[in-house]
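Proteins come first, then strands; the chains are lettered A, B, ... in the order of their sequence lines, and each starts at number 1.
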2 protein chains.
Amino acid sequence: MRLSSLSDYAVVMMSAAARHCGGVRLNATLLAEETGVPLPTAQKLVSRLSSAGLLESTRGTGGGFRLSRPPAAISLADVIEAVEGPIALTACVEESRHDCAIEGSCRVRPHWTVVNTAVRGALAGVSLAQLSVEPVSQSAPHNAISRAPALAGAQE
Amino acid sequence: MRLSSLSDYAVVMMSAAARHCGGVRLNATLLAEETGVPLPTAQKLVSRLSSAGLLESTRGTGGGFRLSRPPAAISLADVIEAVEGPIALTACVEESRHDCAIEGSCRVRPHWTVVNTAVRGALAGVSLAQLSVEPVSQSAPHNAISRAPALAGAQE
DNA sequence: GCTAATCGGAACAAGATGGTCCGATTAGCT
DNA sequence: AGCTAATCGGACCATCTTGTTCCGATTAGC
């Protein structure tokens, strides 16, 4: 019941990209420095995001990425689905996946579809534009390093 | 964005347990046969569910398990949290986990808490009692084997 | 007091995830 | 026009969580 680290990183990166003006080109290196995401991981993410159609890429010297749509038209669900595929809490709610023997008489399945729709709606209701608003004064620069470096126990 | 197979199995098993009268004792073997969950996995699950307080266990010959609460008082969120811990989409929404460098000025975090609450609410709104109603006539016995044997691609 | 059946937790294997690297492509410069 | 340099794109490998399996501890019944 936790989304992958890549999705978390992707949301942060897209949020950072949305804060820039739509026109400027930014590359993976810049985004990695701003967000603190490791560079190779950032490269992998922008690759997936562009192949999913959320980013438009330009190769060659001076190339980079750009949001393909205005930030208000990109939701958390879009970003998550771009990174880790369709949102499906269980295998049986996913289309074209019918490998459950009791699917015909399963009483749990219809409820899963309802819950899944609710979850997806909660994610689709938040856009990148909403993530760009700054609740506090921009005192602290956000180019912090080691953002959530590990899901492992870094308690002590 | 998919819950673990163990949680899926646990929901099916708890749903099966809820269909029995509250008084009867059932053991892991019986539940495994009814639901198609592999027996060792079923044992592991009932162990976690009982340690979480959802099942009451009785050891020794003739022992077994029993729901500790009426089915209407057990929700999907209870079962999932019993199996895989607190529901937290990201590490930063979990209590006592503050290993994010930009947590103080992060604009994404407050939105994550909102989304997380919505997701948890969707799961808490479905009780085992609701899962027990039978939408179709009980034509097909549900002691089917190999319920979702793999999350791997079993397409062809 | 012994036996048998059950729960409980520890140990192992597998798949998925996350991180790293190198090659293909393209714009800019000489 | 050719070359160089910078960037994207995809393939490879280590790591971790997940899922499975097994064996020991406990307890009711005989």
So which protein N/O to nucleotides 26-30 of chain D N/O distances come out below 3.5 Å?
{"unit_1": "dT26(D)", "atom_1": "O4'", "unit_2": "R59(B)", "atom_2": "NH2", "d": "3.2"}

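Considering only side-chain atoms of S47(B), the nucleotide from dC7(C), dT20(D), dG9(C) that sits closest is dG9(C).
Sorted by first and then second residue, the salt bridge (Lys or Arg N to Asp or Glu O under 4.0 Å) pairs with a member in residues 115-127 of chain B read E81(B)-R120(B); sequence neighbours excluded.
Partners of S75(B) according to the side chain to side chain contact (heavy atoms under 4.5 Å, CB included) rule, which considers only residues two or more places apart in sequence or in another chain, are A77(B), D78(B), A124(B).
Side-chain nitrogen and oxygen atoms of S4(A) include at least one within less than 4.0 Å of the OP1 or OP2 phosphate oxygen of dG18(C). Put simply, S57(B) has no side-chain N or O that comes within less than 4.0 Å of OP1 or OP2 on dC7(C). The phosphate of dC8(D) has neither OP1 nor OP2 within less than 4.0 Å of any side-chain N or O from S50(A). Note on S5(A): a side-chain N or O is less than 4.0 Å away from OP1 or OP2 of dG18(C).
In this entry the distance linking CG of L39(B) with P of dG19(D) reads 17 Å, nearest Å.
Residue P40(B) is the one, among S7(A) and P40(B), whose nearest nucleotide of DNA chain C lies closer to the 5' end (criterion: closest heavy atom).
The base of dT20(D) sits within donor-acceptor range of the side chain of K44(B), with an N or O pair under 3.5 Å.
dC13(D) and dG18(C) make up a base pair, with Watson-Crick or G-U wobble contacts both under 3.5 Å.
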